Every structure is written in structure tokens, then in C-alpha cells.
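This report refers to the structure that appears directly beneath it.
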Amino acid sequence: MARVDLDGNPIKPLTICMIGAGGFIGSHLCEKLMSETPHTVLALDVYSDKIKHLLDPADSPLPWAGRITFHRLNIKHDSRLEGLIKMADLTINLAAICTPADYNTRPLDTIYSNFIDALPVVKYCSENNKRLIHFSTCEVYGKTIGAFLPKDSPLRKDPAYYVLKEDESPCIFGSIEKQRWSYACAKQLIERLIFAEGAENGLEFTIVRPFNWIGPRMDFIPGIDGPSEGVPRVLACFSNNLLRGEPLKLVDGGQSQRTFIYIKDAIEAVLLMIENPARANGHIFNVGNPNNEVTVRQLAEIMIQVYSKVSGEQTAETPTIDVSSKEFYGEGYDDSDKRIPDMTIINKQLGRFTQSLI
């Protein structure tokens, strides 16, 4: 049966230039496109480890042979970038430095990766009339309005003060000295540039704001499937502690609140954006599960229980310890308090997707 979009129109096969195809999100999106669609992917990245199974047949040809090709390049310095964007109908930009431990220890790299390096991508798409799906972050929202209310204020429980809306919520960051916001500021500025290209030059774009997507291939365990040095994101950090029999470190008491969504569910939304340009163009979409919220402390407690059950090992006498953000991340760290996505816009535009989340 021919594939149709949400309005019942046939979906023609697309050629997609995917920048950052070898990463966590890119690898899952490539799998989805190969197994469920007729689309072709030009996969751009520095590394291909996470999509190797899509590129190298073992004993027999893969069913999608010829529909995915890997191009090893760094978008900072490679003259092939514009040509690959020209070859495609759609460009998806996933390239980013997006690990919190890097934001205030490598702020220049973070700003360059998320803003400066993305500029040519936006420019080439705009100049060549190519559609762009750009991956931003829920961190562009920064802190909630409720974070600035007195701790005993009943307004802290009013969704108007903490639910994050694409077209209404302000972006509230810490001071310049808090270099942790280098990532959020760079992502926000490239969003504003993309929006301006759409308004002034007709760029067809969609911006995606992921809210804590989790799943296989998300991160690394130091010294096991990644470098010995470096601090991965929270789930990998906790997994590393559990595997080594160490207490889980709760930064500033683990009071920050997060929502999580499984990568396979999130990718469903991205596929709908790809195949429904009439509904997705010109929009910024939150993609998350507002009903799956925990504090970081609660997350640690859940992971400790699950690990004990799976491994058969007793819970450590001291399962968690509190550490300051300065001790864990270094000088200049700051954090957002809550990240609850409002899903009104994506429900309206791509309604089929979010029914499975709630």
C-alpha cells in the first residue's frame, strides 16, 4: 500500500541530507527511514559506529541497499557540504555539542558547534530553496517563571508558571558568568536566525525542541564504551556509578525536575514532520512526554531499584550522595528547575503522534 500523509496525499520518496546521522537521534532516525519508508539518506558525520549495521551487510544484501550512503565529513571545514544539501530535498541538522559537562568547561566549542557551525547549513538551505528541519533543545527555555517565585508561593503549582510553550514562554537564562548557558544561548540564536530566514527569504523550516529523549546508544559509559575521561549525561552517569558499585551523585540534591520520552516514540514525531511539510513548515515543536516527570533524585531511586532487581545485587549502604554543582561540573554551572513541554501545537498539527504518549 502506498504511503500517505496525514491529509491522505501520496508521499513521494525523498532524498534527505542528515547532518549528525551517526549520533544517538540520527542513528534511530536512519533505522526508521530505512525500515519503514522509501526515502534515501545522505548520512553525514565524523563517526559511523552507531549506524554501521545499516551500512555494512554481513552475509546478504540489506533490503535498503543503495538508499543510505555515509559521507565522513566535519561541517566546519568541508567544501562538499553545499553540494550534498543541493542533492537533497530536505536537510536535517542534528550536529551539536550537547553534553552539560561541556557547557561551562568548553563554552567556545559549545557556541561554535551550535551556532557558528550551523550558519552555513541554514545559508545553503535558504539559498538553494531546500527545506530544513533543525534540532534545537528544550534548554532554550532556561528557567521557568515559577523558579523566581517564593518557595511557598501557591503559584508555583499553576501550570502558567512552569509549562513551557513554544510561542509564549520567555527564555530565561543566568548571568553571563554562568557559562553553562552557552549551549542554550547558541541554540536560541540559531533558532532566531532560522526564523528570520523564513520571514525574509522564504526558507521552509521546522524547529524541533527535544525534551530528554532516552534510549539505546544515547551516551557512553566512561572507560567501557567511551573515553575514560569526561562526564556523560545523567542516565549514563548513574549507570556508570551502579556498574562500579559507587554512590549515585546528586547534583545540588537532585531537585531539578525532568520529563523523559523513549527515543522510538520521539522519532515517530520526526517522521511525521518529514512527511507532512504542509503541516510542519514554519513551526517550532516541543517533543516530549509531559506526563512522565520525575526529579533527578527520584530517577536515581528508580534506577537503583531496577539495577538491584536485574543484577541480584544488594543496594549499597549509601546509595546516593549529594554534591554541589561547582564540585561536579566546575565553576560557572547553573541549571533549569523544571522542563514540562506544552504539547498543544504538535497535537494540533501532527495529532496522530501524541496520542501514544499520554
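Values in this document were obtained by computation on a predicted structure and should not be read as measured data.
Under the 4.0 Å criterion applied to side-chain N and carboxylate O atoms, Arg279 and Asp7 are assigned as salt-bridge partners. Salt bridge status for Glu127 with Lys123: present, with a side-chain N to carboxylate O gap under 4.0 Å. Lys143 has a carboxylate O that lies under 4.0 Å from a charged side-chain N of Asp334, or vice versa, which qualifies the two as a salt bridge. Under the 4.0 Å criterion applied to side-chain N and carboxylate O atoms, Glu275 and Lys12 are not assigned as salt-bridge partners. The pair Glu204-Lys130 does not count as a salt bridge, with every side-chain nitrogen at least 4.0 angstrom from each carboxylate oxygen.
The number of heavy-atom neighbours closer than 6.0 Å to CD of Gln314, taken from other residues, nucleotides and ligands shown, is 12 or below. Within a 6.0 Å sphere centred on CZ of Arg72, heavy atoms belonging to other residues, nucleotides or ligands number more than 12. Atom NZ of Lys264 sits in a crowded spot, with more than 12 heavy atoms from other residues, nucleotides or ligands closer than 6.0 Å. The local environment of OH in Tyr161 is sparse, with at most 12 non-hydrogen atoms from other residues, nucleotides or ligands closer than 6.0 Å. The neighbour count for Lys249 NZ, taken as heavy atoms of other residues, nucleotides or ligands under 6.0 Å away, does not exceed 12. Open room surrounds CZ on Phe195; 12 or fewer heavy atoms of other groups in view lie less than 6.0 Å from it. For Tyr112, the OH atom is loosely surrounded, since the number of other residues' heavy atoms within 6.0 Å does not exceed 12.
A cation-pi arrangement is absent between Arg156 and Phe148 under the rule of less than 6.0 angstrom and at most 45 degrees off the ring axis.
Linking Ile, Leu, Val, Met, Phe, Trp and Tyr residues whenever their side-chain heavy atoms come within less than 4.5 Å places Val234 and Ile25 in a single cluster. Linking ILVMFWY side-chain heavy atoms closer than 4.5 Å, directly or via other members, places Phe205 and Ile92 in two distinct hydrophobic clusters. Taken together through direct or relayed side-chain contacts under 4.5 Å among Ile, Leu, Val, Met, Phe, Trp and Tyr, Val46 and Leu94 form parts of separate hydrophobic clusters. In terms of hydrophobic clustering, with Ile, Leu, Val, Met, Phe, Trp and Tyr side chains grouped at heavy-atom distances under 4.5 Å, Ile111 and Leu119 are assigned to different clusters.
Taking the six-membered ring where the residue is Trp, Tyr329 and Tyr333 present parallel rings, their angle staying beneath 30° rather than reaching 60°. The aromatic rings of Tyr103 and Tyr183 sit parallel, their planes meeting at an angle under 30°, below the 60° perpendicular limit.
Side chains of Leu6 and Leu350 form a contact here, defined as non-hydrogen atoms less than 4.5 Å apart. Between Pro290 and Asp342, every side-chain heavy-atom pair lies at or beyond the 4.5 Å cut-off. Using a 4.5 Å heavy-atom cutoff, the side chains of His283 and Ile207 are not in contact.
Side-chain contact annotation: Asn289 with Thr259, donor-acceptor N/O pair under 3.5 Å absent. Between Ser27 and Arg217, the side chains place a donor N or O and an acceptor N or O closer than 3.5 Å (distance only, hydrogens not considered). Side-chain atoms of Asp337 and Thr144 include a donor-acceptor pair closer than 3.5 Å. Glu191 and His134 share no side-chain donor-acceptor pair at under 3.5 Å. Glu313 and Ser308 share no side-chain donor-acceptor pair at under 3.5 Å. A donor-acceptor pair shorter than 3.5 Å can be found between the side chains of His53 and Glu31.
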Take Leu81 and Val121 through the test side-chain contact (heavy atoms from CB on, under 4.5 Å) and record every step on the way to the result. CA-CA 8 Å; Leu81 178 62; Val121 177; 4.1 Å; yes

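Of the residues listed (Arg339, Gln188, Lys338, Arg209), the one engaging Tyr141 in a side-chain hydrogen bond (donor to acceptor under 3.5 Å, both in side chains) is Arg209, and it is the only one.
For the residue pair Ile75 and Asp117, the shortest heavy atom distance occurs at CD1-O, 3.5 Å.
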